[in-house]
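Owing to the predicted nature of the structure, the values given are computational and were not obtained by experimental measurement. Numbered from 1 within each chain, the chains take letters A, B, ... in sequence-line order. Values below: all heavy atoms of this structure, side chains included; hydrogens, waters and symmetry mates excluded.
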Amino acid sequence: MSIDQKYIELIHADIDGELSDAQCSELNDFLEKNEAGRTLRDELSSLCQTISSSAPLDPPPHLKHVLLESIKQEHARTSLADRLMAIFSVPTLRYAGAFAAGVLLTLAFIGSDQASQHAFDDLTGLVGTISENVPEPIFDDGSMNLTIKEIAGIVNLSNAGPILVLDFDLASHDPVRIVADFSDQDVWFNGFAQLESDGTSVLAETGQVTLYTEGRRRFAMFLHNTGSNEATINLTFYAGEALIHEGELRFTGQK
Amino acid sequence: MNKPGDSALIRKCKNGDQRAFEALIIKYQKPVFNAAYRMLHSSEDARDVTQTVFLKAFENLDRYDPNFRFFSWIYRIALNESIDCLKKQKRLGSLDREPESDTGNAEDAASAEQKSDIVQMALMTIKQEYRSVIVLKHFLDCSYGEISEILGIPEKKVKSRLYTGRQLLKDALKKSRLH
């Protein structure tokens, strides 16, 4: 037996607790006389109980920390931008700034050695000035060049007092997962910032940080290095589940 | 009407008080994360969306209209970001990827967690416009009026989407023999 649309709506609204007293008594009168209506109400009620019985999930425990760090970085970035805007709102300074930028740009062109004879097939446009074109990854203590087909660019490790800064300047066509491992050391995750993009995400756990990146990205990860001791950061790069690269960056003590 | 304390926190945020924003994060990170998870069925994506939601809220706080409830505003950002994420996944052709957990046969689905997974799998089979309404109603406990405000659609449409969404969900659950 079909049920009038009006009563179907009243049944839904009853389950959702959105009925007025008058509507409620109207629905009860209808249900008393209509078995199909009662069946529908029971079915819907059971369905809604099933849906709502799913307990809410707890967000990852580090999420609040990551959110706060992102906000702090954003706050610092916007404050700096506001200050610069204020400075360059003075016409003389604005023109001086533009002139200085022009000079720097010219010097950069004159001094650059970026013309690649062996540019990658598919990453040249993305990589731009961030990568030297060398056939194999080069390692030294504080820097890692990547020129593999899945990802290209550079990762630098530097320090500012007790803070270690990992500066990533990378380009990839597809998503790449980077795992920075510093377990068994007196080092912990202290923050994350990204420049000119918002596409990188970060998952910080004890002794390990996982970064997800795709496209052209510039971002930095900050680690607190208690006592400014020697520290080694192992970096592992994955495309999907496939390991595409691994290496380490070493901080050799307070510089 | 804002939830208790929200208006004062927002006022403080606008005056540059980061602790006030921290309080908003503590208050809303769970519902925002849950909304994103129910829309995306991926904790990883839900975490990214939550991060983007709060950053966008922080960046655009000056544009927040106090005539609207703060939670409506932030839930709206959460749903829009989730939908953007779904579109991106579709573009990348990753819709065929494995869901976060496999539920197996519903006949032996004894635990609440398994039931929850089956509901989530069923939820992922319905269109996002219906899913949004179901998520807001059943997982964030929003009223018809609040859903209407969040989605920017008339209440009549909210009801119609909710009823259709429930029917679709019921069919999907029948297939999984949970309902």
Salt-bridge test for [X] and [Y]: reply yes if a basic N is under 4.0 Å from a carboxylate O, no otherwise.
X        : Y        : answer
A:Glu241 : A:Arg177 : yes
B:Arg69  : B:Glu149 : yes
B:Arg166 : A:Asp16  : yes

Q: May I ask you to decide if the ring planes of B:Phe21 and B:Phe58 are parallel, tilted or perpendicular, using 30° and 60° as cut-offs?
A: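 The rings of B:Phe21 and B:Phe58 stand perpendicular, inter-plane angle above 60°.
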
[X] versus chain B, the contacting section by heavy-atom distance below 4.5 Å:
X       : result
A:Ala13 : both
A:His62 : side chain
A:Gln49 : neither

**Q.** Part of B:Phe139 within contact of chain A (heavy atom distance under 4.5 Å)
**A.**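 The answer is the side chain of B:Phe139.
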
Q) Using a distance-only test with no angle check, is there a side-chain donor-acceptor pair under 3.5 angstrom linking B:Gln167 and B:Asp171? A)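 Checked: B:Gln167/B:Asp171 side chains pair up, N/O donor to acceptor below 3.5 Å.
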
**Q.** Max heavy-atom pair count under 4.5 Å with chain A, selected residue of B:Lys159, B:Gln120, B:Gln51
**A.**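 The residue among B:Lys159, B:Gln120, B:Gln51 with the greatest pair count is B:Gln51.
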
